[in-house]
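Step one of this worksheet: look at the structure below.
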Amino acid sequence: MDNLGAGKLLVAEPFMMDSVFKRTVLLLCEHDQKLGSIGYILNKPLEVKLKNLIPELSDFNVPVHYGGPVATDTLHYVHTKGDVLDNSVDLGDGVYWGGDFSKLVFLIENKIITRKDIKFFLGYSGWSEGQLVEEMETKSWVITDMDFNYIFDINFNKLWSKVLNNMGNGYAVIGDMTEAVSLN
């Protein structure tokens, strides 16, 4: 799977029954055949706000999303401010992953990072060595290019359908399928 890598999107195939990943779109942030892979579910917002998790940011009322089932007690983020947030990983298309947390707090407090610049996740999705490649071979995921708007600007309830529709061809038909398979 040469096209797997940081900055790609993984789109759950339409008949995936796993309740964690059903109709999800994941941003892949790291992929190494020998070390494994890390990504975050983009379209599962939680009813938790960042201000509830980090009291010193009580004025920064942004939602937190469910990143995946691994280490759900950890906070992660992707953002657009890699030019000012030290130790950020460039994923391409103006999107960055992580960075120095103390500086992040400073940038938020000084309104250099605003709610439109960042997305937070509790937990992450992780795959051990070879696991993601195996899932790709069994057609559990469709891989596509990341688009900035998918992460920061799209209605997350419709993200799965939107990504598939934008892929065109047969994918557009899949994107229009309802969850109730018997209705298709």
Side-chain angles (χ1 to χ4, degrees), residues 1-55 57 60 62-80 82 85-93 95-105 108 117-148 150-152 154 156-157 159-160 163 179:
M1 291 281 139
D2 291 338
N3 55 352
L4 277 176
K8 292 291 187 175
L9 294 181
L10 301 177
V11 184
E13 64 87 13
F15 302 109
M16 183 181 285
M17 299 311 292
D18 183 316
S19 62
V20 172
F21 295 111
K22 184 176 183 177
R23 290 192 173 229
T24 59
V25 177
L26 286 104
L27 172 61
L28 194 58
C29 293
E30 184 173 276
H31 174 71
D32 185 292
Q33 289 276 80
K34 300 199 184 302
L35 300 176
S37 306
I38 295 173
Y40 303 98
I41 299 172
L42 296 174
N43 57 332
K44 281 199 173 186
L46 297 169
E47 294 190 19
V48 175
K49 302 288 185 189
L50 185 66
K51 68 180 186 175
N52 302 113
L53 301 174
I54 305 172
L57 294 176
F60 201 62
V62 297
V64 176
H65 295 257
Y66 177 69
V70 181
T72 56
D73 60 344
T74 59
L75 185 67
H76 308 269
Y77 42 95
V78 294
H79 55 88
T80 63
L85 185 54
D86 301 335
N87 303 318
S88 298
V89 176
D90 186 351
L91 299 176
D93 200 25
V95 178
Y96 298 85
W97 170 40
D100 181 275
F101 187 75
S102 297
K103 186 153 188 190
L104 173 68
V105 171
I108 290 172
D117 299 316
I118 195 161
K119 186 168 184 173
F120 290 92
F121 305 93
L122 275 180
Y124 66 92
S125 298
W127 295 265
S128 61
E129 173 187 349
Q131 183 182 5
L132 183 54
V133 170
E134 183 178 305
E135 289 182 18
M136 296 300 294
E137 289 170 353
T138 62
K139 309 252 188 270
S140 296
W141 302 100
V142 175
I143 190 166
T144 191
D145 292 328
M146 169 183 60
D147 182 301
F148 178 92
Y150 292 155
I151 301 167
F152 299 106
I154 296 281
F156 299 109
N157 294 325
L159 182 61
W160 183 82
V163 172
E179 281 197 66

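FYI, the numbering just counts along the sequence from 1. A quick note: this is a predicted structure, and the numbers were derived from the prediction, not measured.
- You'll find the side chain of Leu46 reaches within 4.5 Å of the side chain of Leu122, heavy atoms only.
- Remark: side-chain polar atoms of Gln131 are paired, donor with acceptor, to backbone N or O of Ser128 under 3.5 angstrom.
- Side-chain atoms of Val89 and Tyr96, non-hydrogen and from C-beta on, never get closer than 4.5 Å to each other.
- We find the CZ-NZ distance between Arg23 and Lys44 to be 12.5 Å, quoted to the nearest 0.5 Å.
- Side chain to side chain, Tyr40 and His65 fail the donor-acceptor criterion of an N or O pair below 3.5 Å.
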- Item | side-chain contact (heavy atoms from CB on, under 4.5 Å) between Asn43 and Thr24, worked out | CA-CA 6 Å; Asn43 57 332; Thr24 59; 3.8 Å; yes
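- Pairing each heavy atom of Gly126 with each of Val70, the nearest pair is N-CG2, 3.9 Å.
- Annotation for Gly99 and Leu85: closest pair CA-CG, 4.1 Å, computed over non-hydrogen atoms.
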- Residues Gln33, His31; criterion side-chain contact (heavy atoms from CB on, under 4.5 Å); working and verdict: CA-CA 7 Å; Gln33 289 276 80; His31 174 71; 3.7 Å; yes
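- Looking at Asp117 and Phe152, their side chains never come closer than 4.5 Å, going by heavy atoms from C-beta outward.
- Taking CG from Leu10 and CE from Met146, the interatomic distance works out to 12.5 Å, rounded to the nearest 0.5 Å.
- Annotation: the span from Leu57 atom CG to Phe120 atom CZ amounts to 7.0 Å, rounded to 0.5 Å.
- For the side chain to side chain contact (heavy atoms under 4.5 Å, CB included) test with Ser37, the passing option among Leu26, Asp32, Leu132 is Leu132; the others fail.
- Judged by the 6.0 Å and 45° rule, Lys119 forms a cation-pi pair with Phe156.
- Counting only distance, with no hydrogens or angles, the side chain of Trp97 and the backbone of Asp90 share no donor-acceptor pair below 3.5 Å.
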- Message: side-chain contact (heavy atoms from CB on, under 4.5 Å), that's the test. Do Leu27 and Leu91 meet it? Break it down for me.
- Response: CA-CA 10 Å; Leu27 172 61; Leu91 299 176; 3.9 Å; yes
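- Closest non-hydrogen pair, Ser125 versus Pro69, comes out as OG-CD, 4.1 Å.
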- Decide yes or no on side-chain contact (heavy atoms from CB on, under 4.5 Å) for Ile118 and Val78, but give the supporting numbers first. CA-CA 6 Å; Ile118 195 161; Val78 294; over 6 Å; no
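- The minimum heavy-atom distance between Phe148 and Asp93, with the atom names listed, is N-OD2, 2.8 Å.
- The shortest side-chain heavy-atom distance between Val95 and Thr80 does not fall under the 4.5 Å cut-off.
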- Evaluate ring pair (Phe, Tyr, Trp, His ring centres under 6.0 Å) for Phe121 paired with His76, printing each intermediate quantity in order. CA-CA 5 Å; Phe121 305 93; His76 308 269; 8.0 Å; no
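- For Phe21 and Trp141, the distance between ring centers is under 6.0 angstrom.
- Checked against side-chain hydrogen bond (donor to acceptor under 3.5 Å, both in side chains), Thr138 has the following partners two or more places apart in sequence or in another chain: Ser140.
- Rounded to the nearest 0.5 angstrom, Trp127 CH2 and Glu30 CD are separated by 11.5 Å.
- With values rounded to the nearest 0.5 angstrom, Asp145 atom CG is found 8.0 Å from Leu9 atom CG.
- Annotation for Lys22 and Met16: closest pair CG-O, 3.4 Å, computed over non-hydrogen atoms.
- Between Lys8 and Asn3, the shortest heavy-atom contact is CE-O, 3.3 Å.
- Remark: Ile108 CD1 to Phe60 CZ distance equals 4.5 Å, nearest 0.5 Å.
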